[in-house]
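Notes for the one structure printed next.
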Amino acid sequence: MAGMIKLNTYESFIRESRNAGIEGVVRDSDGEFLMAFSFPVHYSSNNQAEAMAANFGTKWCTQHGLSTIHIELDSMVIANMLLNRGTNNLKLNNIIMDTTHALRDVTVQISHCLREANQVAEFLGKLASSSGTDTFYHFLQQMPREAKGLFQLNRWQLPSMGRRYDKCIFFVS
């Protein structure tokens, strides 16, 4: 849709340490880069981190006057909570209510997308949870090389292949 901004969010959560990273990528209706963020956070669940990523990205969009937003989350649970404009989960209710309040004056579309379709945000999330550094990217050129490559593949609607080969087991006779 012309004029619609796309916000992809993601969270990276390490249960043992409760370290998490929230991240998001904002694009215009032509798929051009507008902004990306990546912050380390401490939460008790991946759902809290995902809700905060959506909250931060939503607030950034509305504070910058963007009034038609398509939010894609990799958490179907959080996407449904935002669509229903609330939850019975007490740990998430304040975050969900704050996010829906920020969306009250905008046209919004909320959907779930698979992690594989959200690789730029996934990469930035893992970077945030491991580096511990708050990062804002105002230009595509500021992003790490791998994230720029994933962004371009996504913009061209090309699939990206696995980035790492963990183990190779084979026998030669």
Side-chain angles (χ1 to χ4, degrees), residues 5-27 33-64 66 69-104 106 108-138 140 142-144 146-151 154 160 162-164 166:
I5 300 304
K6 185 174 181 184
L7 166 64
N8 285 89
T9 63
Y10 184 78
E11 55 70 31
S12 175
F13 182 73
I14 303 167
R15 185 176 311 276
E16 295 79 29
S17 64
R18 299 216 185 279
N19 287 336
I22 62 170
E23 48 290 328
V25 179
V26 181
R27 302 173 183 143
F33 180 88
L34 293 178
M35 181 277 290
F37 64 90
S38 174
F39 304 127
V41 293
H42 295 281
Y43 286 107
S44 60
S45 75
N46 60 328
N47 285 331
Q48 281 182 304
E50 181 72 39
M52 279 309 299
N55 182 276
F56 183 87
T58 296
K59 286 184 173 182
W60 186 91
C61 289
T62 57
Q63 288 169 357
H64 287 82
L66 305 173
I69 307 167
H70 178 195
I71 304 171
E72 282 189 344
L73 303 106
D74 82 325
S75 170
M76 188 177 291
V77 170
I78 301 302
N80 286 334
M81 287 178 184
L82 289 172
L83 285 168
N84 295 328
R85 300 197 173 275
T87 178
N88 292 331
N89 184 318
L90 296 177
K91 289 183 178 181
L92 296 174
N93 191 49
N94 287 340
I95 303 168
I96 297 299
M97 296 308 290
D98 189 42
T99 305
T100 56
H101 181 72
L103 293 170
R104 72 187 179 284
V106 300
V108 66
Q109 179 181 351
I110 299 169
S111 61
H112 169 257
C113 74
L114 298 175
R115 180 177 303 142
E116 293 79 14
N118 205 1
Q119 291 205 359
V120 178
E122 178 188 9
F123 176 82
L124 293 175
K126 290 180 179 176
L127 189 64
S129 61
S130 63
S131 74
T133 305
D134 291 357
T135 310
F136 253 107
Y137 303 99
H138 297 284
L140 182 62
Q142 294 174 317
M143 290 183 25
E146 187 170 352
K148 286 189 284 191
L150 291 168
F151 182 87
N154 184 271
S160 58
R163 298 184 300 264
R164 173 176 62 167
D166 287 336

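In what follows, every heavy atom counts, from backbone to side chain, and hydrogens, waters and symmetry copies are set aside.
Here the closest non-hydrogen pair linking Thr99 and Ala54 is CG2-O, 4.3 Å. Across all non-hydrogen atoms, the minimal contact from Glu50 to Asp74 is OE1-OD1, 2.7 Å. Considering all non-hydrogen atoms of both residues, Ile96 and Met81 come closest at CG2-O, 3.8 Å. Contact record, Ala53 with Ile22: CB-CB, 3.7 Å, taken as the closest heavy-atom pair. For the pair Cys61 and Ile69, the tightest heavy-atom approach, listed with the atom from each and the gap, is CB-CD1, 3.6 Å. Considering all non-hydrogen atoms of both residues, Asn8 and Arg27 come closest at OD1-NH1, 3.5 Å.
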Legend entry - side-chain contact (heavy atoms from CB on, under 4.5 Å) between Val106 and Leu66, worked out: CA-CA 8 Å; Val106 300; Leu66 305 173; over 6 Å; no

Inset, instruction - Go through Tyr137 and Val25 one step at a time and tell me if the side-chain contact (heavy atoms from CB on, under 4.5 Å) criterion holds. - result: CA-CA 9 Å; Tyr137 303 99; Val25 179; over 6 Å; no

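Under a 3.5 Å cut-off, the side chain of Asn84 and the backbone N or O of Gly86 do not form any donor-acceptor pair. Put simply, the side chain of Glu23 never gets that close to the backbone of Thr9: no donor and acceptor are under 3.5 Å apart. Thr58 places no side-chain N or O within donor-acceptor distance of the main-chain N or O of Asn55, the cut-off being under 3.5 Å.
Taking CE from Met52 and CD1 from Ile78, the interatomic distance works out to 11.5 Å, rounded to the nearest 0.5 Å. Rounded to the nearest 0.5 Å, atoms OG (Ser75) and CD (Gln48) are 12.0 Å apart. The CD1 atom of Ile5 lies 12.5 Å from the OG1 atom of Thr62; values are rounded to the nearest 0.5 Å. Annotation: the span from Leu83 atom CG to Gln109 atom CD amounts to 9.5 Å, rounded to 0.5 Å. Rounding to the nearest 0.5 Å gives a distance of 7.0 Å between CG of Leu103 and CG of Leu82. Interatomic distance, CG of Asn93 versus CG of Asn88, reported as 8.0 Å (0.5 Å rounding).
Taking a 6.0 Å sphere around NE2 of His101, one finds it holds 12 or fewer heavy atoms contributed by other residues, nucleotides or ligands.
The ring of Phe39 has its center closer than 6.0 angstrom to the ring center of Phe56.
In this structure the side chain of Pro40 reaches within 4.5 angstrom of the side chain of Asp134, judged on heavy atoms.
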